[in-house]
Every structure is written in C-alpha cells, then in structure tokens.
Amino acid sequence: MIQRADELATIIRNASEIHIVTHIDADGITAGAIASVTLQRLEKKYSIECIKQLDKTCITKLLSENHELVWFTDIGSSISTQYPELKKIITDHHECPPDSDVSFHFNPHLFGRDGSYELSGAGATYLVSKAVNKNNKDLAGLAIIGAIGDLQDRRFCELRGINTQIVKDGKESGVLQTIKDIRYFGKETRSLAKLLQYASDPLIPGISGREDACVSFLQELQIELKYGDAWRTWVDLEKEEKRRIISAIIQILLSKGFGYQTATRILGKTYIFCKEKKGTELHEAKEFATLLNSTARYGQYEVGLQVCLGDRGKWLKEALNLLSGHRHNLVEGLQFAREEKIQKRTYLQFFHAGDGIRDTIIGIVTNMMLHTEDVDKELPLIGFALTENGDVKASARATQSLVDKGLDLAMALTRAAKEINGIGGGHNIAAGATIPKGKEEEFLQLLEREIQRQFDS
Ligand code: C5P
Ligand code: C5P
Ligand code: ZN
C-alpha cells in the first residue's frame, strides 16, 4: 500500500492542474479537504466538486472539461478500469473487483483489507497525502472524522485496521486524543435526556425513544438536568455521575436479557480534537461528522469544506444553521418512515418514502430505522426515495451478524441495479443504488435472488 501511495504521490507532483471530485457525505468532504490542502501546500492549481454518485452525466462533463488530472476521492473505484482518456487517480474504499488493481488506484480492497471498517475514503486520501509530504500528518484529524462519519468504529466500538495508524499519527501531531467513554451521539451538545432518547447502539429498553422516560430515569439517579437555565450535557458531568448512569444502563440491559456483549457496547473509544473548544460540534468526531453531513447533503458542500479547511467564522455559522435543519429532517424522516411501515419479504424488508424523505438522507434514515427497537434485525432493510431527476434512490443497511453469515449488500445492489439499467455499489454492510422509477418491484426480486444466493453459497 505504501508503494501504491508513493505512485499516486508522484502522479500528483508531476501534474500542474488537478480537479478533485468527491462524495457528498462527511467522509467525502474530509477527503476533498485533505486533497485540497495537499495541493495548496504544493502550490498547484486546483478545483473541486462534490457529487452524489458517479454516473454517465458526471463522466461526460468531466471528459468535456479536459482536466490535466482528475483526483477522485471517496468515489471513483467503480470506473477505475474505464475511460482511459480521462487521466485520473483514485483514493477510495468502496468494494471493487481485483481486476481493478491498476497503478493509479488506491483502495484497501486491492490489498486484502476491508474498506467498510479498516480505512475510509478520507483515510485513503490521507495516506496518499502523507506520501506526498510526511508533514501532512496534521491532516490525520480530518481522516478520523471521515472514518467516524462512515461508522467505521461500529464493528469493534473503536477504529481498527489501517485506521489505527492514522489515529497514532493524529496523536503524534497533537491534534487528536482518545478516551474511553459512553458511545452515544451528542455528548458535547445534546441535553442528557436527548442523548438517551436517541440512544440506539445499544438501545436502552423502555428508555430509548421516550423523552419522559429518559427524564425520570435521570431524576431517579439524582442527576441534575440543568445548570441554572442551561441543560447539562454529557461532557458537563462529573466522573462519578457518568459512572452512575452507565452502570444503571448496563443493569437494565442485563436484567432484560441482553447479553454481556451487547451491554458492554455502551463503552468505546471517543475521538476528541484537542485544539477545538469543549462543548462544541467540533470537539468530538461524531458530532463534527454530523455537522459536515448537514452541508453537502443539502447542496452546500462549500460550507463544510471551509469548516474543514479551518474557518471558524461565517462558514461555521452557516454550517450550524444547516445542522439544525438536518436534525429536524432526520427526526421528521424517521417519523415518516415509521408511518410508511416496513414491508417484510423472505430475504429483505423495505419501505418506500416517495418524496417524503430527501434522497441524500434516505441512507441515514434507513440506518436509524434498522436500529430502532421494534425493527427486525434478521433482515437487511432497504429504503427507497425519489430523486429530483425522477429516478429512485435505494439505500440498504444490514447488521454485522448478517454480514458474518455471508451477506454482501454492495455486490447484491450492484448486480440487481445493473440488470435494470441502474447503478449501485458500496460496502458489505451498507450499499446504495439509483434505479429507474417503476422498477422497484423488479429490483427487490433481483435483490432477493442475490441475497438468497449469498446465504446459500
Ligand atoms: O460512501 P461511503 O463509503 O462514504 O459511506 C459509507 C456508508 O456506510 C455510510 O452511509 C455509513 O453510515 C454506512 N455504514 C454503516 N454501518 C457500518 C459501516 C458503514 O451503515 N458498520
Ligand atoms: O447512499 P447510501 O448512504 O445509501 O450509500 C451507502 C453506500 O453505498 C455508500 O458507501 C455509498 O457511497 C455507496 N453507493 C455507491 N453507489 C451508489 C449509491 C451508493 O457506491 N449508486
Ligand atoms: Zn466513504
């Protein structure tokens, strides 16, 4: 991998004009930011764009623009062996076939590593950036935000694989610190009750999803919910108060018959950016990633990018505005999906949001849905939403245990989409596709066939 990173670094050094193409999620924005800083430091002429997916329209546009070099980050592996007329390098982590092992393609899957948890798109981009100049180690923090944004810590409750090296780099360059702490989202900025209300991994039976139950639970533990007028957050708590809450949750889980393994998932590594202010959206990786997801997924990638590049003024303010909209949309989206009802079939379950949920957040909502209390964890969940072009976006999510039994959603969605003139891809545990409207039923049948085959082989 080091050798491949060096090869890409040489191509970058030899180019004088480079166009970066990246993906619209947190991993994509941080990948794009790492590539941008790398090129700024080399004093190269560069430009950047953020896209939802790499379709024919994008490629046609790129070909017509005649760039000297295109740098695909967190996207691009799907076309690594196509369009030789497009001079390119790719730093990506999506599943790709072994025959895409070409000299300008950097992807952990080509080296027997799993891109769903060992390295993100931002991580792959970071490793090439470090090959360009080892002083770029200060960009490790951005690569960590990308990995956390892609939920790469989910499998082991901490980052593993090649990500471990990036964590080490971040610590050495003084930007990153890790602590063992509760894993729930919103430790820096959410009120305690909200932190527990939205807790999903592990779910707290009788408490997650119910605000009043969260408040009484905390009151019974004699935790003050407010300091004067301000709601207290997790980071405001004393060590002893944290311990009291964590043991009470573990006790609930064990008493309801959840095993030790599920109960201990409450604790894991938290990734903290020591140079940012405590109690803000920028201090902890999960919250930082969500802030970035609030930008590019709503067509405002410039906002997220500028925050990654260091702006703490007008762009950050704009990002925070977008964040409140994003949070609202997720709550509404979840509500909407619940009302739509999930339909179960033999090998999968699905819901169709129509135009009720934006295609750019249907993946996040599908993930949240799968991890709510009453949803079956034995079947992968597919969420459909209409796109602005009149196509249908499909997002698929599964559990690690289904993946361990042989499920590979990326493979299934890629194949099923291809048969009906769509495009798909992703990871074993999470994948997506865009298909023509009206083809949903056919797509589901093809998917079921693929999934059945995976479990049988
Ligand atoms: O496009 P990209 O690779 O950056 O996105 C990865 C996707 O996989 C994210 O939407 C993330 O939420 C999902 N994922 C997941 N569970 C995991 C790992 C990744 O849902 N354990
Ligand atoms: O869009 P969604 O979050 O559902 O995507 C899940 C994963 O599938 C992401 O890693 C995304 O990059 C990938 N994907 C893909 N090709 C598509 C749609 C999604 O590789 N057409
Ligand atoms: Zn990614």
Side-chain angles (χ1 to χ4, degrees), residues 1-55 57-94 96 100 102-107 110 119-140 142-143 146 292 296 301-311:
M1 286 187 85
I2 293 174
Q3 193 187 330
R4 182 61 54 85
D6 283 336
E7 283 168 350
L8 269 75
T10 305
I11 303 175
I12 293 169
R13 276 191 217 100
N14 291 338
S16 50
E17 185 267 330
I18 301 168
H19 182 65
I20 305 162
V21 178
T22 195
H23 194 209
I24 56 160
D25 63 5
D27 188 27
I29 304 175
T30 47
I34 293 169
S36 301
V37 177
T38 307
L39 298 179
Q40 281 169 12
R41 290 179 179 172
L42 287 172
E43 297 182 4
K44 299 281 183 196
K45 185 169 169 232
Y46 80 94
S47 48
I48 178 166
E49 72 178 304
C50 252
I51 60 172
K52 279 196 214 175
Q53 64 177 14
L54 202 47
D55 53 22
T57 321
C58 283
I59 307 276
T60 310
K61 182 180 145 282
L62 284 171
L63 284 169
S64 75
E65 287 170 352
N66 276 320
H67 295 289
E68 185 187 327
L69 180 66
V70 177
W71 184 353
F72 291 98
T73 64
D74 189 35
I75 209 159
S77 284
S78 61
I79 58 144
S80 54
T81 55
Q82 297 168 54
Y83 311 103
E85 64 277 38
L86 188 69
K87 179 112 193 291
K88 56 188 167 296
I89 53 171
I90 301 162
T91 48
D92 191 3
H93 69 133
H94 290 94
C96 59
S100 60
V102 284
S103 65
F104 51 83
H105 184 197
F106 187 96
N107 183 317
L110 299 173
L119 190 68
S120 70
T125 308
Y126 167 78
L127 292 177
V128 169
S129 172
K130 205 171 95 174
V132 167
N133 188 332
K134 62 177 183 336
N135 292 335
N136 290 342
K137 255 168 90 168
D138 60 336
L139 304 177
L142 289 170
L292 298 180
Y301 78 87
E302 179 73 15
V303 179
L305 189 66
Q306 291 301 335
V307 173
C308 287
L309 297 179
D311 179 274

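Nothing here was measured: the structure is a model prediction, and the numbers come from that model.
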* Asked: Short question: side chain of Ser80, backbone of Gly76 - any donor-acceptor pair under 3.5 Å?
  -> no
* Asked: With distance as the sole criterion, is a donor-acceptor pair present between the side chains of Asn136 and Arg41 under 3.5 Å?
  -> yes
* To do: Could you pull out the closest heavy-atom pair between Leu292 and Gly304, with the gap in Å?
  => CD2-O, 3.6 Å
* Thr22 and Thr73: side-chain donor and acceptor closer than 3.5 Å? -> yes
* Asked: Counting N and O atoms only, with roles assigned by atom type, does the side chain of Asp27 sit under 3.5 Å from a partner on the main chain of Ser120, one being a donor and the other an acceptor?
  -> no
* Step by step, work out the side-chain contact (heavy atoms from CB on, under 4.5 Å) result for Val128 and Thr38. => CA-CA 9 Å; Val128 169; Thr38 307; over 6 Å; no
* **Close side-chain approach of Thr30 and Tyr126, heavy atoms under 4.5 Å** => no
* Donor-acceptor contact present, side-chain His93 to main-chain Leu119, <3.5 Å -> yes
* To do: Looking only at non-hydrogen atoms, find the nearest pair between Ile12 and Lys44 and report the distance.
  => O-CE, 3.5 Å
* To do: Calculate, to the nearest 0.5 Å, the distance between atoms CD1 and CZ belonging to Ile89 and Phe104 respectively.
  => 10.5 Å
* Could you walk me through whether Val303 and Asp311 pass the side-chain contact (heavy atoms from CB on, under 4.5 Å) test, one step at a time? => CA-CA 9 Å; Val303 179; Asp311 179 274; over 6 Å; no
* Side-chain donor-acceptor pair present, Tyr301, Glu49, cut-off under 3.5 Å -> no
* Asked: Do you know which two heavy atoms are closest between Ser100 and Thr81, and how far apart they sit?
  -> CA-CG2, 3.7 Å
* Asked: Which distance, rounded to the nearest 0.5 Å, do you find between the CG of Asn133 and the CZ of Arg13?
  -> 8.0 Å
* Taking atom CD of Gln82 as the centre, report whether more than 12 heavy atoms of other residues, nucleotides or ligands fall under 6.0 Å from it. => yes
* What closest approach, in Å, do Gly146 and Ala122 show between heavy atoms, and which atom pair accounts for it? -> CA-CB, 4.0 Å
* Asked: Rounded to the nearest 0.5 Å, how far does CD1 of Ile18 lie from OG of Ser47?
  -> 9.5 Å
* Structure fact -> Rounded to the nearest 0.5 Å, the CG atom of Asp6 sits from the CE atom of Met1 at a distance of 12.0 Å
* To do: To the nearest 0.5 angstrom, please state how far the CD1 atom of Ile24 sits from the NZ atom of Lys52.
  => 6.5 Å
* Give a yes or no on whether the backbone of Leu86 and the side-chain of Lys88 come within a donor-acceptor separation of less than 3.5 Å. => yes
* To do: Locate the shortest heavy-atom distance separating Ile29 from Cys308; write the atom from each residue and the value.
  => CG2-SG, 4.1 Å
* Going by heavy atoms in the side chains, are Leu62 and Phe72 under 4.5 Å from each other? -> yes
* Asked: Would the number of heavy atoms belonging to other residues, nucleotides or ligands and lying under 6.0 Å from NZ of Lys45 be above 12?
  -> no
* **Separation between CD1 of Ile20 and CG of Leu69, rounded to the nearest 0.5 Å** => 10.0 Å
* Can you list the steps and then say if Ile11 with Glu7 is a side-chain contact (heavy atoms from CB on, under 4.5 Å)? -> CA-CA 7 Å; Ile11 303 175; Glu7 283 168 350; 5.6 Å; no
* To do: Flag the pair Lys137 / Lys130 as yes when at least one side-chain heavy-atom distance between them is below 4.5 Å, and no otherwise.
  => yes
* **Flag side-chain contact, heavy atom, 4.5 Å: Ser78 against His94** => no
* For side-chain contact (heavy atoms from CB on, under 4.5 Å), just list the numbers for Asp138 and Val37, CA-CA rounded to whole Å, side-chain angles, deciding distance to a tenth of an Å, and then say yes or no. => CA-CA 11 Å; Asp138 60 336; Val37 177; over 6 Å; no
* Asked: So, for Leu309 and Ser36, which heavy atoms are closest and what is the spacing to 0.1 Å?
  -> CD2-CB, 4.5 Å
